[in-house]
There are 2 protein chains.
Amino acid sequence: MKKNALGILLAVFCLAMLAAAPESSSDHPQFTAKNELMAPADYRQWVFLSSGLGMSYSPQGADHPMFTNVFVPQWAYNEFLKSGKWPDHSMFVVEDRGSETKGSINHGGRFQTDRMGMAVEVKDEARFPDKWAYFGFNGDAQTSSAAPKQVCWQCHEDHAAVEHTFVQFYPTLKPVAQKFGTYKASREQVQ
Amino acid sequence: MKKNALGILLAVFCLAMLAAAPESSSDHPQFTAKNELMAPADYRQWVFLSSGLGMSYSPQGADHPMFTNVFVPQWAYNEFLKSGKWPDHSMFVVEDRGSETKGSINHGGRFQTDRMGMAVEVKDEARFPDKWAYFGFNGDAQTSSAAPKQVCWQCHEDHAAVEHTFVQFYPTLKPVAQKFGTYKASREQVQ
């Protein structure tokens with residue numbers, strides 16, 4: 001690829017200037033004056049970590065299995081690749097979608113349909129005494145208050161394989177965390 | 001957000017210079033001298049379209065359901081948002097992953113595990129007389145020759161809702177195609 005040397009010098013200069021601009025993009029957590037998280041707008045263009053179907057954390061089955069798509073912003077993902085650790089202000093979206101089986105040429109299994117809502121996890125060491133906080137958004141809700149500790153935080157604390165994230169379910173991240181020694185293998189044991 | 005006006009002018013200049021560089025990134029199709037497609041390297045960082053589980057196009061069931069994750073590069077996705085049409089050189093990756101059910105805190109449903117391979121669809125009006133071509137990559141294969149027409153092409157021609165893409169299974173793209181009148185609703189009928 002041909003590149004003009006002057007162009008490279010100018011690009012470096014531009015990046016240095018832009019790096020000085022404060023964070024305001026929707027891929028960093030944004031809060032209202034009442035400390036509610038604002039729904040991140042473009043999470044579907046973040047890095048996809050994995051999708052599950054009908055995942056249930058208690059023995060009963062699910063009649064209407066939902067797909068759960070997980071995304072993380074590119075900037076946070078890039079940091080994780082270098083260290084196996086999540087930088088401060090990382091956000092994770094778990095998007096819930098309905099599923100159908102009979103449709104068009106599909107005769108078995110399930111494909112995704114309507115968005116039902118999402119949950120967002122935020123790491124913010126200065127804002128939250130417990131470092132991590134969890135926010136549920138039903139339907140098209142645009143703001144959400146942090147959930148009480150026992151609703152989400154405690155299970156993440158007790159069962160997540162990397163800090164508060166369930167990397168045991170993210171097959172592209174697991175080898176990265178293992179390489180850096182940040183993966184708690186005991187968290188894979190059937191609970 | 002504070003931005004220096006000089007920085008903006010320089011950024012515009014840099015972008016103009018970089019735009020002149022020829023395509024060589026892995027988010028455009030790359031071919032060997034024998035016209036084999038080279039496996040795109042960073043497709044997991046492309047835009048996620050959807051994931052299905054155990055999708056089967058004939059009535060028999062699947063004992064070992066696979067997840068199928070679909071990705072398209074950001075540049076092609078951006079064009080689709082503006083027109084409901086896919087630009088020339090669009091690529092689509094369908095990644096196949098194994099699934100498990102009993103693991104860690106999960107008691108029901110399924111989560112994703114090992115990558116088994118992928119299929120790649122390419123739109124290239126100059127290179128392919130039939131405009132679209134299909135490439136299978138088992139395991140970690142790095143090159144692949146185009147599949148014969150009856151293996152993939154014909155079904156896409158007969159059943160896809162937008163050009164040769166199954167937008168009936170991509171819930172975030174369907175409303176875009178409907179808005180621009182490029183969505184063939186008849187393709188939703190159960191076959």
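Note that the structure is predicted; figures quoted are calculated from it, not measured. Lettering follows sequence order; numbering is per chain, from 1.
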* **Side chain / backbone / both / neither for A/Gln112 at chain B, heavy atoms under 4.5 Å** => both

* Which residue out of A/Ser99, A/Gly52, A/Ser186, A/Ala161 racks up the most heavy-atom pairs below 4.5 Å with chain B? -> A/Gly52

* Asked: Taking the inter-plane angle between the rings of B/Phe48 and A/Phe71 on a 0 to 90° scale, is it parallel (under 30°), tilted (30 to 60°) or perpendicular (over 60°)?
  -> perpendicular

* Cluster link B/Tyr43 to B/Tyr134, ILVMFWY, side chain under 4.5 Å -> no

* If you tally heavy-atom pairs under 4.5 Å against chain A, which of B/Thr68, B/Val47, B/Thr101, B/Asn69 wins? -> B/Asn69

* **Non-hydrogen side-chain atoms of B/Arg97 and A/Pro171 separated by less than 4.5 Å** => yes

* Asked: Do other residues, nucleotides or ligands put more than 12 heavy atoms under 6.0 Å from A/Asp130 CG?
  -> yes

* B/Asn35 CG: over 12 foreign heavy atoms closer than 6.0 Å -> yes

* Roughly how far, to the nearest 0.5 Å, is the CZ atom of A/Arg44 from the OH atom of B/Tyr77? -> 7.5 Å

* Side chain, backbone, both or neither of B/Glu188 within contact of chain A (heavy atoms, under 4.5 Å) -> backbone

* Name the region of B/Ser51, side chain, backbone, both or neither, that has any atom closer than 4.5 Å to a heavy atom of chain A. => both

* Asked: Could you give the distance from NZ (A/Lys174) to CG (B/Asp114), rounded to the nearest 0.5 Å?
  -> 8.0 Å

* Residue part contacting chain A, namely of B/Phe166, when any heavy atom lies under 4.5 Å -> side chain

* So what's closer than 4.5 Å to chain A heavy atoms on B/Arg115: side chain, backbone, both or neither? -> neither

* Structure fact -> Rounding to 0.5 Å, atoms CG (B/Leu81) and CD (A/Gln45) come to a distance of 6.5 Å

* To do: Could you check B/Arg187, B/Met55, B/His159 and say which one makes a side-chain contact (heavy atoms from CB on, under 4.5 Å) with A/Ile105?
  => B/His159

* Please check if atom NZ in B/Lys179 has more than 12 non-hydrogen atoms from other residues, nucleotides or ligands closer than 6.0 Å. => no

* For the residue pair A/Phe111 and B/Ser50, establish whether any side-chain heavy-atom pair is separated by less than 4.5 Å. => no

* So what's closer than 4.5 Å to chain A heavy atoms on B/Gln74: side chain, backbone, both or neither? -> side chain

